[in-house]
2 protein chains.
Amino acid sequence: MAKNRNTEQKIFDAATELFLEKGVDRTSVRDIANKAGINLALMNYYFRSKENLFDTIFSSLVKKNSEDLIRILNSDLELYDKIRQYVHVYIDMLSDNPLLVSFVMAILHRSRERITEMKAITSLYSTEAFTKQIIEEGKKGSIRRTDPTQLFVDMLSLIAFPFAIKTLIRDKNSFSEEEFQAFIEERKRRVPKMLIDSMRPCS
Amino acid sequence: MAKNRNTEQKIFDAATELFLEKGVDRTSVRDIANKAGINLALMNYYFRSKENLFDTIFSSLVKKNSEDLIRILNSDLELYDKIRQYVHVYIDMLSDNPLLVSFVMAILHRSRERITEMKAITSLYSTEAFTKQIIEEGKKGSIRRTDPTQLFVDMLSLIAFPFAIKTLIRDKNSFSEEEFQAFIEERKRRVPKMLIDSMRPCS
DNA sequence: AAAATGTTTTAAACTTTGTTTAAAACAATA
DNA sequence: TATTGTTTTAAACAAAGTTTAAAACATTTT
């Protein structure tokens, strides 16, 4: 029972590190076994398959990170503040977890069926409460009438996509890692402003 | 010399079709050989590797589609019109070419090094002329002073990301294919408006 | 036209994946 | 101590991309 957890954890840790370093597809089960210092077959013994190991790692990572995001969306913060906080926390989260971005890319690039099977990825999306709030405030007139889906897709796009094309951005602008971080930092102000401006009434 | 082009083309066509249908990773070279009705080894004879076949198909697809985009960016259209047209054409292009979206996803999800090697993907990004225009008009005061990189990343994000998370959007909103198309159609108005609003002077 | 050369195609093997298996080693229990 | 259950191992398997060496075909040279 002691060795048990130990081996499982060693596989989990080694895989996590390698997935981050070389990407999921370019990491072989033999690589993982080597790095973890365990027998090849143990990967299938503890996790049924490589795919399942990936899912496990991804889910744990998302769960750990998405709780804050959900909490913000479901809080009773004033709408504009909510958006500012959400963008801020989401961007920080992606900054701190390059693994998360690369995993989401790996998943999006997988078959359509598998995506919806993953309950984990869903918690990176919107919530009922937030949708309601957008509609309510639209009716009240405190914001423009806004399609919640459109708004949320705008948010997600502006937050996440820059990380997906990080290499392209760095390359095209000759950004150092620090300059890219500064670029992202600037977006924590820019993105909420843009979103909020787009829903201000009258105009 | 006749059979030559023929076989190469057969491989190219079969691969394109299968890549679109099942995704790059889930298509084996043997699948391609079967569909094309040729010997397994011919894939490596004409295209050095599966990876290289993929690059070839992707590049040809991008070249065919990116020309219009570049032309718009480099035209002497008035800035707001330019943005409207660019968004419009780009969204239509991605709508009409699901293969393109899935390919870009596949590439983004590949190793960092390979991305910048692909000159093709670069032509889906901004141009010198457009950058200059943003800076000039900022100085003139006809638009707010805007970081061209930030603006362009905003554009690209709002245009492309929704296609990347299409499955998620459809699933979460129970959209049919037609409803998703309508959702995208709406973005051809929404996205330019948002971008332009964010750069209008005074405010 | 025949021989020589170059190009295209083939069948078979090779390497590296993920995965399975059957036995061995170990631990816990009766 | 013998039995049972769990963990680990070495070896093999199937499917993938790739390479090879020879055969088939086409072209050029003499």
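The chains referred to below are lettered A, B, ... by the order of the sequence lines, with proteins before strands, and numbering in each begins at 1. In this text the structure is predicted, and so the values were computed from the model without any measurement.
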Do any side-chain nitrogens or oxygens of [X] fall under 4.0 Å of OP1 or OP2 in [N]?
X	N	answer
N39(B)	dA11(C)	yes
S28(B)	dA15(D)	no
T7(B)	dT8(C)	no

Nearest-Å distance for atom pair [atom1]/[atom2], residues [X] and [N]:
X	N	atom1	atom2	value
I11(B)	dT10(C)	CD1	P	10 Å
I38(B)	dT18(D)	CD1	P	13 Å
D31(A)	dT15(C)	CG	C1'	15 Å
E8(A)	dT8(D)	CD	P	10 Å
I32(B)	dT18(D)	CD1	C1'	13 Å
M43(A)	dA10(D)	CE	C1'	18 Å
L40(A)	dA22(C)	CG	P	17 Å
K10(A)	dT8(D)	NZ	P	8 Å

Checklist entry - Do M199(B) and Y80(B) come close enough that some side-chain heavy atom pair is under 4.5 Å? => result yes
Item to check | Heavy-atom check, side chain of M194(B) versus side chain of D197(A), under 4.5 Å | outcome: no
Between [options], which nucleotide gets closest to the side-chain atoms of [X]?
X	options	answer
A41(A)	dT18(D), dT7(D), dT20(C)	dT20(C)
Y45(B)	dT18(D), dG18(C), dT8(C)	dT8(C)
L42(A)	dT17(C), dT8(D), dT9(C)	dT8(D)
Y46(B)	dG18(C), dT8(C), dT9(D)	dT8(C)
R30(A)	dT17(C), dG17(D), dT7(D)	dT17(C)

Checklist entry - Can you name the nearest heavy-atom pair linking P162(A) to I169(A), along with the distance? => result O-CD1, 3.7 Å
Next on the checklist: Quick check on the 6.0 Å ring-centre criterion: do F47(A) and F54(A) meet it?
Outcome noted: no
Next on the checklist: Would you call the rings of F152(A) and Y86(A) parallel, tilted or perpendicular, taking 30° and 60° as the class edges?
Outcome noted: tilted
